[in-house]
Each structure stands twice: as C-alpha cells, then as structure tokens.
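Heads up: the structure comes next, in structure tokens.
The analysis underlying the following values was restricted to heavy atoms, covering all of them including side chains, and did not include hydrogens, waters or symmetry mates.
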Amino acid sequence: QVQLVESGGGLVQAGGSLRVSCVASGRTASAYAMGWFRQAPGKEREFVAAISRNGASTRYADSVKGRVTISRDNAKNTVFLQMNSLKPEDTAVYYCAADLRSTLFSISSNHGSYDYWGQGTQVTVSS
C-alpha cells in the first residue's frame with residue numbers, strides 16, 4: 001500500500017508561480033515512478049508531468065512544457081511540481097500518482113498505468 005498526500009495548492013494570479021508537493025508513505029519512494037495529473041470542472045483527468053524512479057527521466061504535457069518542472073527527493077519520499085507563468089486554464093485539482101510497475105527509467109503519461117492516487121490539491125489561477 002502507498003499513501004499519497006498532496007499539498008501546496010492555492011489561489012494565484014495569472015503569471016504567478018506555485019509549487020505543489022506530494023509526500024508518499026507505505027513504501028520507499030524510489031520504488032516507483034510518479035506522475036502529476038489534473039482535472040478541471042467538467043473535464044477529464046489529464047496528464048501533466050511524470051518522473052522516473054531515479055529521477056533521470058521526465059515527461060511533460062505539451063500544454064505545460066517550459067512552464068512546469070517535476071522533481072523528486074527520494075530521501076524525503078516527496079515529489080514536487082513547480083509551476084511558473086500560470087494561466088487561468090491551469091486551474092484544476094492536481095493529483096499525484098504512483099506507478100509501482102515502473103522500471104528504473106520508465107515513465108508513463110497514461111493514468112491507467114498508475115496504481116495509487118492522492119486526494120488532490122486545488123490550484124486556482126485568477127485572470
């Protein structure tokens with residue numbers, strides 16, 4: 001079992017920055033790849049970013065590429081999502097997820113690949 005708890009969401013003006021975090025417990029974080037997804041009201045959950053078990057590989061959605069950075073600190077069992085130049089269309093609930101079937105360098109943008117999910121943290125970007 002893996003428990004994931006997100007934090008750091010909030011209200012920010014367009015153009016601002018925000019960093020959301022996800023702390024994992026139950027298994028050592030280096031045992032799985034991590035991803036961030038988001039879901040806006042009335043829309044499907046969509047991929048944002050993912051990072052491999054060892055942090056060597058990352059992947060981003062085209063909509064956030066260049067504005068978002070995913071990183072991890074396995075010693076602290078924590079994954080971060082640094083978001084810059086935020087836009088109103090970034091408004092959503094952000095979820096972190098763990099892929100326990102990942103290999104050392106593999107990452108997936110498919111939400112079906114992820115086994116555990118956090119409860120989400122709200123990010124609201126005002127115009």
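Contact detail for A49 and L81: the closest heavy-atom pair is CB-CD1, 4.0 Å. Across all their heavy atoms, K43 and Q39 have their closest contact at O-NE2, 3.1 Å. Contact between V2 and A98 at its shortest, heavy atoms only, is CG1-CB, 4.5 Å. The minimum heavy-atom distance linking A50 with S108 is given by the pair CB-O, 3.7 Å.
The main-chain N or O of N84 is never found under 3.5 Å from a side-chain atom of D90 such that the two would form a donor-acceptor pair. Put simply, the side chain of R72 gets close to the backbone of S52: a donor and an acceptor are under 3.5 Å apart.
The ring-ring contact (aromatic ring centres under 6.0 Å, His included) contacts involving residues 107-127 comprise F37-Y114, F37-W117, where partners must be two or more places apart or lie in separate chains. Among residues at least two apart or in separate chains, there is no ring-ring contact (aromatic ring centres under 6.0 Å, His included) pair with a member in residues 69-89. For residues 89-110, there are no ring-ring contact (aromatic ring centres under 6.0 Å, His included) pairs, not counting sequence neighbours. The stretch residues 116-127 participates, sequence neighbours left out, in no salt bridge (Lys or Arg N to Asp or Glu O under 4.0 Å) pair at all. Here salt bridge (Lys or Arg N to Asp or Glu O under 4.0 Å) pairs that include residues 103-120, with residues two or more places apart or in two chains, are R101-D115.
For K65, the salt bridge (Lys or Arg N to Asp or Glu O under 4.0 Å) test picks out D62, with sequence neighbours left out. Partners of S57 under the side chain to side chain donor-acceptor pair (under 3.5 Å) rule, at least two apart in sequence or in another chain, do not exist in this structure. With sequence neighbours excluded, no residue satisfies salt bridge (Lys or Arg N to Asp or Glu O under 4.0 Å) with E89. Take S106 and apply the side-chain contact (heavy atoms from CB on, under 4.5 Å) test, not counting sequence neighbours, and it matches S102, T103. Scored by the salt bridge (Lys or Arg N to Asp or Glu O under 4.0 Å) test, R19 finds no partners at all (sequence neighbours excluded). Residues passing the side-chain contact (heavy atoms from CB on, under 4.5 Å) test with V23, sequence neighbours excluded: T78.
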Stepwise side chain to side chain contact (heavy atoms under 4.5 Å, CB included) check, V68 with W36:
CA-CA 11 Å; V68 165; W36 283 97; over 6 Å; no
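Once rounded to the nearest 0.5 Å, the distance linking CZ of R59 with CD1 of I70 reads 11.5 Å. Interatomic distance, CE of M83 versus CZ of R67, reported as 9.0 Å (0.5 Å rounding). Note that the OG1 atom of T69 and the OH atom of Y60 stand 4.5 Å from one another [nearest 0.5 Å]. Rounding to the nearest 0.5 angstrom, the gap separating the CZ atom in R38 from the OG1 atom in T121 is 14.0 Å. Atom OG1 of T91 and atom CD of Q122 lie 7.0 Å apart (nearest 0.5 Å). The OH atom of Y32 lies 6.0 Å from the CE atom of M34; values are rounded to the nearest 0.5 Å.
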For residues 4-14, dump all side-chain donor-acceptor pairs below 3.5 Å to protein atoms at least two apart in sequence or in another chain.
unit_1, atom_1, unit_2, atom_2, d
E6, OE1, Q119, N, 3.0
E6, OE1, Q119, NE2, 3.4
E6, OE1, G120, N, 2.9
E6, OE2, C96, N, 2.9
E6, OE2, G120, N, 3.2

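Hydrophobic clustering (side-chain heavy atoms under 4.5 Å, transitive across Ile, Leu, Val, Met, Phe, Trp, Tyr) keeps V79 apart from F47.
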